[in-house]
Amino acid sequence: MNKNFIAGEWVDGDSAIENRNPSDISDLIGSYAQASTSQLETALESARAAQKIWARTGLEARQTALMHIGNSLMARADELGELLSREEGKPRAEGRGEVYRAGQFFTYYAAEVLRQIGDNADSVRPDIEIDVRRDPVGVVAVISPWNFPTATAVWKIAPALAFGNAVIWKPANLVPASAVALSEIIAGANLPTGLFNLVMGAGSSIGDALVTSPHIDAITFTGSVETGRRIAAGAITNMTRMQMEMGSKNALAVMDDADIDLAVACAVNGAFGGTGQKCTASSRIIVHDAVYDQFTDKMLAATRALKVGHALEDGTQIGPVVSEGQLSENLDYVALASSEGGEVLCGGERLSMKHDGYYMAPCLIAGTRNDWRINREEMFAPIACIIRASSYQDALDIVNDTPFGLTAGIMTTSLARANHFRRNADTGCVMVNLPTAGTDYHVPFGGRGDSSYGPREQGQYAVDFFTSTKTAYIAVGAVD
Ligand code: NAD
């Protein structure tokens with residue numbers, strides 16, 4: 001059933017797209033319906049009506065529905081993880097882990113349903129009480145990227161539903177199979193008809209129609225800065241509430257006092273995990289002069305040892321990149337690195353494998369400067385650039401010299417440096433002796449600068465975006 005889910009019905013679209021496996025492009029996963037703008041209108045109308053019912057539905061019924069979705073995802077993590085890996089290209093264990101994590105997001109937010117407690121206060125005026133409560137915002141547009149097809153969508157959909165909202169979800173067109181699979185599970189959770197809608201299609205058509213609609217109350221978006229800017233410009237006409245998590249250029253700083261083997265393990269994991277296609281990927285590795293050669297030699301050996309292969313084959317550590325377009329952009333960046341003066345130590349070329357897919361050898365580039373384009377623009381690729389730093393302070397300055405600010409890491413055995421870095425890295429997330437990638441679901445997640453716009457996602461902080469506070473003043477007259 002590769003259809004859209006609109007007003008409680010699975011419906012065909014005006015057209016369809018093919019979905020192919022990036023590990024083996026002869027493997028056709030399916031054909032997926034593209035929603036029309038009139039179907040979007042139907043979804044918006046039904047969402048508006050269903051949201052009013054959902055907001056009045058008892059908390060335990062809401063909690064049960066979310067718990068059911070979460071448990072179903074976790075129970076089916078092997079099967080749905082395989083599907084995710086087949087269409088996105090991340091190794092099987094990462095696909096499974098993502099689906100399981102998505103289930104945990106739902107069970108976490110199931111508990112948050114019952115934790116919706118307001119505030120009360122005495123007025124500064126006598127005999128008046130104040131009650132502060134949170135109402136749902138209404139109908140929420142969820143726009144998600146392809147690199148974490150299930151988890152990113154879920155960390156938006158789960159809190160939206162938990163706090164009483166309706167959802168219109170537009171996933172990325174590169175990953176429709178995971179979107180349909182998740183939607184089938186949500187459709188089986190006994191929600192009011194029309195509360196949750198799946199509208200698949202291109203960003204420039206159905207995505208644009210969704211985010212510029214006056215019939216949505218909030219947009220939660222994850223994707224590139226360029227798309228985020230376009231969405232914000234369109235949505236501001238309606239003064240629509242927005243939350244955006246976008247690109248990044250994360251740095252890992254390796255100090256002269258670091259455990260070098262641990263630093264290499266964290267750098268390789270952060271740079272090449274998920275084929276480097278993570279918003280939290282370490283694309284800038286900033287290394288103290290005193291350990292530059294030692295670290296670079298070891299990182300080169302570890303990068304060369306990575307096994308690139310079909311996402312579903314045992315032993316694969318790095319899958320293909322997601323598409324032909326992404327691969328060609330990556331190769332252009334490697335050429336740019338050389339032209340800017342970088343030394344390509346390994347990788348950076350297309351690989352021919354047993355299956356015809358979008359395979360690229362992980363690429364390590366040394367001798368780079370922070371002001372080069374390869375260190376300023378997000379590449380979203382298995383490419384890591386090494387930058388030399390003369391001191392801790394120099395490394396920190398380089399970490400912060402970027403328009404982005406999602407995550408930054410430091411490898412050090414100095415408590416003083418670790419604490420100083422934690423407080424002075426200008427990013428939304430900081431990692432000490434850990435890879436820059438890898439975050440939890442019960443705490444806030446997000447960036448600074450061009451990486452992020454609007455309130456934080458995840459954990460209890462999500463309540464700020466998905467609800468609107470109401471402050472009521474009540475005169476408490478004297479009793480006879
Ligand atoms: P993208 O910006 O191309 O697309 C993201 C989503 O927006 C897709 O669903 C797309 O169809 C939709 N879209 C595109 N144009 C639109 C428009 N005009 N109106 C409405 N929707 C539109 O991003 P992508 O290539 O899918 O994902 C990669 C990007 O996502 C990277 O920049 C990465 O850093 C970012 N990302 C960020 C985080 C984070 O939390 N900060 C997490 C994952 C990915």
Side-chain angles (χ1 to χ4, degrees), residues 17 32 34-35 37 40 87-90 98 101 105 141-156 168-176 178-179 198-213 216 219-237 240 242-250 273-283 321-323 325-327 329-330 377-381 402-407 427-429 436-439 441 444-458 462:
I17 52 153
Y32 290 81
Q34 303 285 280
T37 44
L40 174 62
E87 75 171 349
E88 196 272 350
K90 62 184 67 174
E98 179 176 340
R101 173 53 61 95
F105 269 107
V142 170
I143 316 266
S144 55
W146 50 264
N147 67 325
F148 281 97
T150 305
T152 311
V154 161
W155 76 55
K156 299 167 181 302
I168 314 276
W169 177 27
K170 198 214 80 64
N173 248 352
L174 282 168
V175 284
S178 296
L198 171 69
V199 293
M200 294 183 283
S204 54
S205 54
I206 203 74
D208 189 63
L210 174 60
V211 298
T212 53
S213 168
I216 52 165
I219 301 166
T220 172
F221 163 80
T222 296
S224 61
V225 177
E226 196 190 345
T227 307
R229 285 214 172 93
R230 197 170 318 130
I231 290 176
I236 204 68
T237 314
T240 308
M242 283 179 266
Q243 172 185 67
M244 306 212 173
E245 287 304 330
M246 298 171 284
S248 58
K249 199 68 198 171
N250 312 297
T275 324
Q277 301 172 139
K278 291 185 185 177
C279 54
T280 48
S282 320
S283 63
V321 303
V322 74
S323 66
Q326 185 71 48
L327 179 56
E329 256 182 48
N330 298 354
E377 297 172 16
E378 182 180 50
M379 295 191 269
F380 227 54
T402 173
F404 299 106
L406 184 55
T407 163
T427 49
C429 308
T436 55
T439 56
Y441 52 91
F445 173 75
R448 296 181 180 177
D450 285 357
S451 292
S452 198
Y453 181 82
R456 284 283 182 260
E457 298 194 289
Q458 304 182 21

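No experiment lies behind these values; they were computed from the predicted model shown. Ligands are counted one by one from 1 in listed order, and the atoms in each one are counted from 1 as well. Both backbone and side-chain heavy atoms feed into the values below; hydrogens, waters and symmetry mates do not.
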**Prompt:** Is the closest basic N to carboxylate O distance between D450 and K249 below 4.0 Å?
**Reply:** no
**Message:** Check K156 with E457, please: is the shortest side-chain N to carboxylate O separation under 4.0 Å?
**Reply:** yes
**Item:** Main-chain N/O of V175 paired to S178 side chain as donor or acceptor, under 3.5 Å
**Value:** no
**Asked** Just wondering, are more than 12 heavy atoms of other shown residues or ligands nearer than 6.0 Å to OH in Y453?
**Response** no
**Complete:** In terms of heavy-atom contacts, W169 and A153 come closest through CZ2-CB, 3.3 Å
**Fill in**
Within the heavy-atom cut-off of under 4.0 Å, ligand 1 is lined by I143, S144, P145, W146, N147, K170, P171, A172, G203, G207, D208, V211, F221, T222, G223, S224, T227, R230, I231, E245, M246, G247, C279, E378, F380, L406, F445
**Request:** Quick one: sort the W155 and F148 rings into parallel, tilted or perpendicular, breaks at 30° and 60°.
**Result:** tilted
